[in-house]
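Step one of this worksheet: look at the structure below.
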Amino acid sequence: MQISTRTGPRILAILGPTNTGKTHLAMERMLAHTTGMIGFPLRLLARENYDRAVAKVGKGAVALITGEERILPKTARYYLCTVEAMPVAKQVDFLAIDEIQMCADPERGHVFTDRLLHARGRHETMFMGAETIRPVIRKLVDNVEFDTRARFSTLTYNGAKKIQRLPAQSAVVTFSAQEVYAVAELVRRQKGGAAVVLGALSPRTRNAQVEMFQNGEVEHLIATDAIGMGLNLELNHVAFAAMSKFDGKFNRGLTAAETAQIAGRAGRHMNDGTFGVTGNLSGIDPDIIEQIEAHEFEPLAKVFWRNARLEFRTVDALQKSLRRRSDDPTLILAREPVDEIMLDHLSHNEDVARIATAPDRVQLLWEVCQIPDFRNIHTDAHPRLLTSIYRYLAKPGSKLPIDWLGEQVLRLDRYDGDIDQLSSRLAGIRVWTYVSHKHHWLEDAYHWQERTRAIEDKLSDVLHERLTQRFVDRRTSVLLKSLKDKSELMSTITANGEVQVEGEFVGRLEGFRFIADETDAAFEGKAIASAARRALTGEIAQRVKQLETDEDDKFAVNGQLDVLWNGAQVGVLKKGDTVLSPDVQVIDSEFFDGPTRERVRTRLQNFVNSHIENRLKMLTRLRDCQLSGPIRGLLFQLNEGLGCVPRSELESLVKDLSDDDRKALAKLGVRLGVETVHVLDALKPDPVELRGILWAVARELDALPDLPPAGRTSVPNDRANSKGFYLAAGYMPVGPLAARVDMLERFAALLRQKARENDGKVRPDPDLLSLLGCTVEQAEGVFTALGWRAEVTKVKKSELEAKEAEKKADEAAKAAPAEAVAEAAAPVEEKAEEATPAAEAVEAVAVEAVEASDAPAAETDADGDELVEVKYFVRVDRRKRGGGAGRGQRGPRQEARGKGGPKGKGGNRPNQGGKGGRGGKPGGRGNAPEKNNQINEDSPFAKLKEMLEAKG
């Protein structure tokens, strides 16, 4: 309705739901008068409407008064205030109170009720609020004109929705900071980002967050019921994630009117809005839904009130006057507000009680107790602070000490830390911003106002940045904003494969696959995906051409069995017809058609074939050579074993090889060892890695196990690895170790040599240990695996000590100068020749000699010489171990004694070295010479013997 501007005081109550233009009407009416004042429930709203008034009438005509901020031009005519900070004693033509239904608020209601009863404009007074306050206003205020306004748009309930399915321009409402942050984090992961609004945030931070939402940088707002008080937002939908709140004393459910106040933020002006639930809620009570949609709620019957005529004679008198009840049953005593709680707390302090004995000191105490506790941390910190302030100010003519005040403020002038730490400092500085506007408390109030304002603004900005970093994907917000402004988005691909849309990174092109950034929820949008694909389609075509023309050095295979191009995975190795000819499977791409995929596969297959040919030439030539007979079968198995096969598995083929076959194998680099048959060149690190990869592919594994480190002659035998894996890597499992096959053959040969030199008895001396780089315990395990057994015998301690002394003397002689060595050589040799066989045995088998001091009396022989136990190893008779000649053996050469035949080992061919034949009765069980000195022609010692014979 049109409000009359007649000369006499007029009181108007403009009532109705949200989105009815009540606040807009009040602003228009105020500016139509010469002077005016409006009280708002939030500092944020006061600032918003202050800016609106400044835009219309200029800065010099408008004042802003809140508990923490005062802008008071000397020529101010219009005052935008928070309800608590309104200078009600000041006479203005127009006065209005917004959200007047707040009279029923348990915490702040008494302030609104006081304004309802006492605040008046000279010509016009206006109360704006919900229809529920009508009965109270009618009863408490005379001559009121009511104007009921209908909502511009409709508000309807649309049920429950999952957070990921909420429409754009939605707000999710919950009632604690922890819940707000949890929901915001979820929305960031699923929808790209969210703005947050909490009552605990400073107005500057809240404004920055709301602006981000209003500008379209994010599509969702997560808030407490702080959005219910007049925030003008472009919301389409409000979703409740909770329907109960803690009101300072109790956890209670929302009333229908409170729910409507919040839900009513959905829909602006003529745009309809919706509300519903999300998260763990399944719905809203049907009765409440009906009330909200019809805008009909149970009217208020009572409002909170507190006596404004206070007694300051004593603290006790002040407290009694604050607790005085009204005679009007409509006015109920307010719950104990925070300022009264602080008064009670301070009154029990002995120092405060001693000071607050005069009316002016009591009045000062009440003023100090009204300092807001923005931190709201429910500890003794705020009462202690108020006590300190009061004690400083209570001294005659005193103000707050500059040093002390500076220390308090400096403690908060920090900008590091997380969201909670910044929020705590921001709440703390707001206390001092409030104090700085108490001019009679400070020496230089304007200085402290500027300083605290600067710190608050800086903290607010940093907090906004932290909130944005945590809950908003900046890239997503830019893309969403671009989508609103453009019908088509620009996309590019950088030199390193980054895919950008509107200059923002949305993913990476790896090989031929597009990998969308995991944090980019907005990429699911059709427009952004379409823009990225436009750039990718042309890029993929060019990359395929480049792949076909690139040299082989641009490709590689790795231990994950991948085929790489320029470091990116483009294919996977799969089992082929043979171990040396694996197949290639192309990594699929949404940008490939059938012919394109085949072009890529052909190029990758050609590379793999060429790579194997070049790196494993020592194996591929075995496959390609034209030979027949036993050698052909041996080469086939050697290829399938990737260049290393246990001798025991090939013995039947080896024994049938002719001398020409053996020479052909030698030319091909094949070594017929005692334990293995292997290709020597295949043991180098580069071929070993590729052999391992091919072994893993042939066995259809997902990846190549860790290969033994390059250069190691042995590694611990990991039972989790198969024997085939070790052989492919060039190692042979023997007991506790896996030994490199070339070193294992040298070890076995040296072992046999030492046995011949020491009457068949061997100990793990340093020469043997150094070949495999192992410990004595590990070497003993290798001995056992190679067919040697441990024996313990007793020898004279004196002889053992003599041999040890002789050994040390020999070592000392070797370390002496060459002349001394030459002079000492003859006696040493003579002494060695004179040594008895028993002494030689002692030297050969002396592995350990343990003599415990607390053991029983030492054992002696018939001559009284002390005996000690020593361990040595002797070779097990293979015929006994295997149950017959050559059967059941693992690795070592078969003796095959007594088997006739024109060729092969064990046949009746001329003896080498002229020391008798190796024949005998069939089966090899006849009387054989005690010692057979014939040397296997495949052994390195055969060459050594030939050299010695050549020298005579």
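We count residues from 1, following the sequence as given. Only this structure's heavy atoms are used, side chains among them; waters, hydrogens and symmetry mates stay out.
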Practice prompt. Report the C-alpha distance between S153 and N19 in whole Å, list the side-chain angles of each, state the deciding distance to 0.1 Å, and finish with yes or no for side-chain hydrogen bond (donor to acceptor under 3.5 Å, both in side chains).
Written response: CA-CA 8 Å; S153 60; N19 192 22; 3.1 Å; yes
Worksheet item: Charged N to carboxylate O under 4.0 angstrom, E367 versus K438?
Response: yes
Discussion item. Check this for me, if you would: do E258 and K245 make a salt bridge, where the nitrogen-to-carboxylate-oxygen distance has to be below 4.0 angstrom?
Written reply: no
Discussion item. Keeping N349 on the side-chain end and V352 on the backbone end, is there a donor-acceptor pair under 3.5 Å?
Written reply: yes
Worksheet entry | side-chain hydrogen bond (donor to acceptor under 3.5 Å, both in side chains) evaluation trace for R134 with T148 | CA-CA 10 Å; R134 180 190 289 265; T148 301; 2.4 Å; yes
Response to the item:
Here the gap from E131 atom CD to R149 atom CZ, rounded to the nearest 0.5 Å, amounts to 13.0 Å
Worksheet item: Checking side-chain hydrogen bond (donor to acceptor under 3.5 Å, both in side chains) for the pair Q101/E99: CA distance, chi angles, key distance, verdict?
Response: CA-CA 5 Å; Q101 77 277 359; E99 305 290 358; 2.7 Å; yes
Worksheet, complete the sentence: For V362 and R313 the tightest heavy-atom approach is CG2-O, 4.3 Å
Worksheet item: What are the two closest heavy atoms between A241 and V172, and how far apart are they?
Response: CB-CG1, 3.9 Å
Worksheet entry | side-chain hydrogen bond (donor to acceptor under 3.5 Å, both in side chains) evaluation trace for E456 with T433 | CA-CA 8 Å; E456 180 180 340; T433 302; 3.2 Å; yes
Worksheet item: To the nearest 0.5 Å, how far apart are CG in L42 and CD1 in I227?
Response: 12.0 Å
Practice prompt. Answer yes or no: is there a donor N or O on one side and an acceptor on the other, between the side chain of K139 and the main chain of T330, under 3.5 Å?
Written response: no
Worksheet entry | CD-OG1 distance between E145 and T125, expressed to the nearest 0.5 angstrom | 11.5 Å
Worksheet entry | Straight-line distance of I38 CD1 to L45 CG, nearest 0.5 Å | 11.0 Å
Worksheet entry | Name of the residue among R265, H295, Q261, R151 meeting side chain to side chain donor-acceptor pair (under 3.5 Å) with T18 | R151
Practice prompt. State, to 0.1 Å, how close G67 and Y434 come at their nearest heavy-atom pair, and which atoms those are.
Written response: O-CD1, 2.9 Å
Worksheet item: Do R115 side-chain atoms and I97 backbone N/O form a donor-acceptor pair below 3.5 Å?
Response: no
Fill in: Expected output: side-chain T357 to main-chain A353 donor-acceptor under 3.5 Å
no
Worksheet entry | Taking every non-hydrogen atom, the tightest pair across R324 and R309 | NH1-O, 3.9 Å
Worksheet entry | W448 backbone acceptor or donor facing T452 side chain under 3.5 Å | yes
Worksheet item: Is the backbone of S321 close enough, under 3.5 Å, to the side chain of N307 for a donor and an acceptor to pair up by distance?
Response: yes
Item to complete: Say whether, by atom type as modelled, one donor and one acceptor occur between the side chain of T82 and the main chain of P41 under 3.5 angstrom.
Response: no
Practice prompt. Please answer whether the main-chain N or O of S436 pairs with a side-chain N or O of Q449 as donor and acceptor at a distance below 3.5 Å.
Written response: yes
Worksheet item: Of all heavy-atom pairs between K59 and P73, which one has the smallest distance, and what is that distance?
Response: O-CG, 3.4 Å
Worksheet, complete the sentence: When rounded to the nearest 0.5 Å, the distance separating CG of D272 from OG1 of T156 is 7.0 Å
Practice prompt. In plain terms, say whether K56 and E28 are close enough for a salt bridge, that is, a side-chain N and a carboxylate O under 4.0 Å apart.
Written response: yes
Worksheet item: Using the ring of each side chain (for Trp, its six-membered ring), is H33 parallel, tilted or perpendicular to F94, with breaks at 30° and 60°?
Response: parallel
Practice prompt. Give a yes or no on whether the backbone of L15 and the side-chain of K22 come within a donor-acceptor separation of less than 3.5 Å.
Written response: no
Discussion item. Checking R335 against D105 for the salt bridge (charged side-chain N to carboxylate O under 4.0 Å, His left out) test, could you report, in this order, the C-alpha distance in whole Å, the side-chain angles of both residues, the deciding distance, and whether it holds?
Written reply: CA-CA 10 Å; R335 288 183 190 173; D105 182 76; over 6 Å; no
Worksheet item: Counting only N and O atoms by type, is there a donor-acceptor contact under 3.5 Å from the side chain of S326 to the main-chain atoms of L331?
Response: no
Response to the item:
In terms of heavy-atom contacts, L95 and G121 come closest through CB-N, 3.7 Å
